[in-house]
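Reviewing the structure listed below.
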Amino acid sequence: MTTFRIAVLPGDGIGQEVTVEAVRVLQSVGKTTGLGFEFEQGLIGGAAIDAVGTPLPPATLDLARKAQAILFGAVGGPKWDHLPQEQRAERGLLALRKELDLFANLRPARCFPMLADASPLKRSVVDGTDIMVIRELTGGLYFGEPRGIERTPDGARAVNTMVYTTREIERVARVGFDVARKRRKRLTSVDKANVLVVSTLWREVVTRVAKDYPDVTLDHVLVDNCAMALVNKPTQFDTIVTENTFGDILSDEAAILAGSMGMLPSASLGLAGAGRGAVGLYEPVHGTAPDIAGKGVANPIAAILSAAMLLRYSLDRATDADRVEHAVVRVLEQGHRTGDIAARGEKVIGTKEMGDLIVRAVESQY
Ligand code: NAD
C-alpha cells in the first residue's frame, strides 16, 4: 500500500478550524481508495511563537522537509501584530516557502455557477470562468539587487531591480506547461515585452520551452491587456504564467471573479523530487479571519480545495482530486452554504457541517 506523508500546519485563527476539515476529506479519500496517509502536525505562526518563541520552529521545518506535501492553514492575528517584522507570525510562512525553495504559486480562480451572483461582476461575465494563475514567487522586483533609498541634499532616489535568469524563467515556465497539460492545454504567458528587457528574455525562454510541449497552445499577452481582459472576458483564459509582481496583482484581480475568499485554494510548488510529484505547500488564500475565529462558522471549502490540489500536484492522484472537487460542487448544488457565500435569507451552516457534507459526498463517489 502506498503511504503518503503529509505535514499538517494549521497555524492560527480559522486556520485551525478549516485544516481539520481538509484532513478529514483526505482521510475519507484514504479510507475509500486504500491509500495510506500519515499526518503529522506541526506548530507554525502565532501558535509556534506562543509555544516555543519562534514562528518557524526547527522541528516544523524538519517535518515539512520530510513530508511529500504540506497542508497549511493560515498564520497571524492581532495578538502578534506588536512584534517586530522579523518575529511576526506571518514570517513563519515566508521562511517556510524560502527554505523549501517554493518558486511557483498556483492560484485557481473558478466561478461556481451557483455562486456567480456572489461576484461583484455580472453573471454574464464571470459564468464559466476557470483560470489557473501561476506566479513566479522567488525572483523579480521583490528580491532583485540593488535595492534601497539614497538620500542626497537634492532629494531622495529609490531603487528596486527587476531581474530574472534563464534558469528561473525556465523552471516556472515548465510548471506552467505541466499544469496547462493537466487542464485545457492552453497557456498564456504574461509580460511587458514592449517595454522591459526582462520581459524580452522571459518571452524568449517561454517560447523555447514551448517546443517541449507541442500539445499545449501558447500565446503571449501584455500585462496591461491581461488586466483588462480578466474583468472583461475571463473565460478566454485557461492557464496563465507570469513573473512575481505581475502575478501578485493579477492573481488578486482573478480572485474577485470567484466571489468569496472562503472558496479560494492555492499551492506553492518547488522542483519535483526523484520519483515523485512536486514538493508543495497547499493553503487557502484567506488569512486567519480574527473576526470569526473560534465561532465554527468559517467556510472550509478553500482548505478542502487546497487538499484536492495536493492530491493532483504532489501525489499525482488526479481522479481523487476530481472526486473531491465534484463533492464540493455537489454540496453547493444541493444549496448548502456557509455565511460568507449565502445569499440573503438562505440557510447557513457551520464549518463542521460543511465538512461532514463534503466528506459524505466524496465517499459516495467510490
Ligand atoms: P482574512 O482573509 O483573514 O479575512 C478577510 C475577511 O474575509 C474577513 O472578514 C474574514 O472573516 C473573511 N474570511 C476569510 N476567510 C474566510 C472563510 N474561510 N470563511 C468565511 N469568511 C472568511 O484577511 P485579513 O483580515 O486581512 O487578515 C487577518 C490575519 O490573517 C492577519 O493577521 C493577516 O496577516 C493574516 N493573513 C495570513 C495569511 C496566510 O497565512 N497565508 C494570508 C492573509 C492574511
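Just so you know, ligand 1 is whichever comes first in the structure, and atom 1 is the first atom listed for that ligand.
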Within 45 degrees of the axis of the six-membered ring of Y366 and under 6.0 Å from its centre: does R323 put its NZ or CZ there? yes
Right, does [atom] have protein non-hydrogen atoms nearer than 4.0 Å?
atom	value
atom 6 (C) of ligand 1	no
atom 26 (O) of ligand 1	no
atom 17 (C) of ligand 1	yes

[Y]/[X] salt bridge by N-O under 4.0 Å criterion:
X	Y	value
E333	R330	no
D62	K66	yes
D127	K122	no

Could you note down all residue pairs passing salt bridge (Lys or Arg N to Asp or Glu O under 4.0 Å) where residues 236-260 supplies at least one of them, sequence neighbours left out?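 For residues 236-260, and leaving out neighbouring residues, the salt bridge (Lys or Arg N to Asp or Glu O under 4.0 Å) pairs sorted by first residue read R107-D252, R135-D248, R183-D238, R184-D238.
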Show which atoms of ligand 1 fall inside a sub-4.0 Å distance from at least one heavy-atom site of [X].
X	value
G76	32 (O)
P290	28 (C)
G262	17 (C), 18 (N)
I14	15 (N), 16 (C), 17 (C), 18 (N)
L93	41 (N)
A298	19 (N)
A74	40 (O)
E283	41 (N)

V159 and F143: same hydrophobic cluster, using ILVMFWY side-chain contacts below 4.5 Å? no
Pick from T245, N105, N244: which one makes a side-chain contact (heavy atoms from CB on, under 4.5 Å) with E136?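 Of the listed residues T245, N105, N244, the side-chain contact (heavy atoms from CB on, under 4.5 Å) partner of E136 is N244.
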Whichever hydrophobic residues join I49 through chains of side-chain contacts under 4.5 Å: W80, L83
Does G77 come within less than 4.0 angstrom of ligand 1, counting non-hydrogen atoms of the residue?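 The answer is yes, since G77 has a heavy atom less than 4.0 Å from ligand 1.
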Would you mind checking which non-hydrogen protein atom is closest to [atom], with the distance to 0.1 Å?
atom	value
atom 29 (C) of ligand 1	T288 OG1, 3.1 Å
atom 1 (P) of ligand 1	G287 N, 3.5 Å
atom 19 (N) of ligand 1	N299 N, 2.9 Å
atom 22 (C) of ligand 1	I292 CD1, 4.0 Å
atom 12 (C) of ligand 1	A289 CB, 4.5 Å

Can you check which of H286, E90, M261 brings a heavy atom nearest to atom 34 (O) of ligand 1?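 Closest candidate by heavy-atom distance is E90.
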Which of the listed options, V75, T351, D291, V18, holds the heavy atom that is closest to atom 10 (C) of ligand 1?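 Among V75, T351, D291, V18, the closest heavy atom to atom 10 (C) of ligand 1 belongs to D291.
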Does a donor on one side chain and an acceptor on the other come within less than 3.5 Å for D154 and T152?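 No, no side-chain donor-acceptor contact under 3.5 Å.
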Spacing of NE2 belonging to H336 relative to CG belonging to D356, to within rounding of 0.5 Å: 11.0 Å
In Å, rounded to the nearest 0.5 Å, how long is the span from CD of E99 to CG of L102? 10.5 Å
Does the side chain of V163 reach to within under 4.5 Å of the side chain of E168, using non-hydrogen atoms?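 SC-SC contact between V163 and E168 ruled out.
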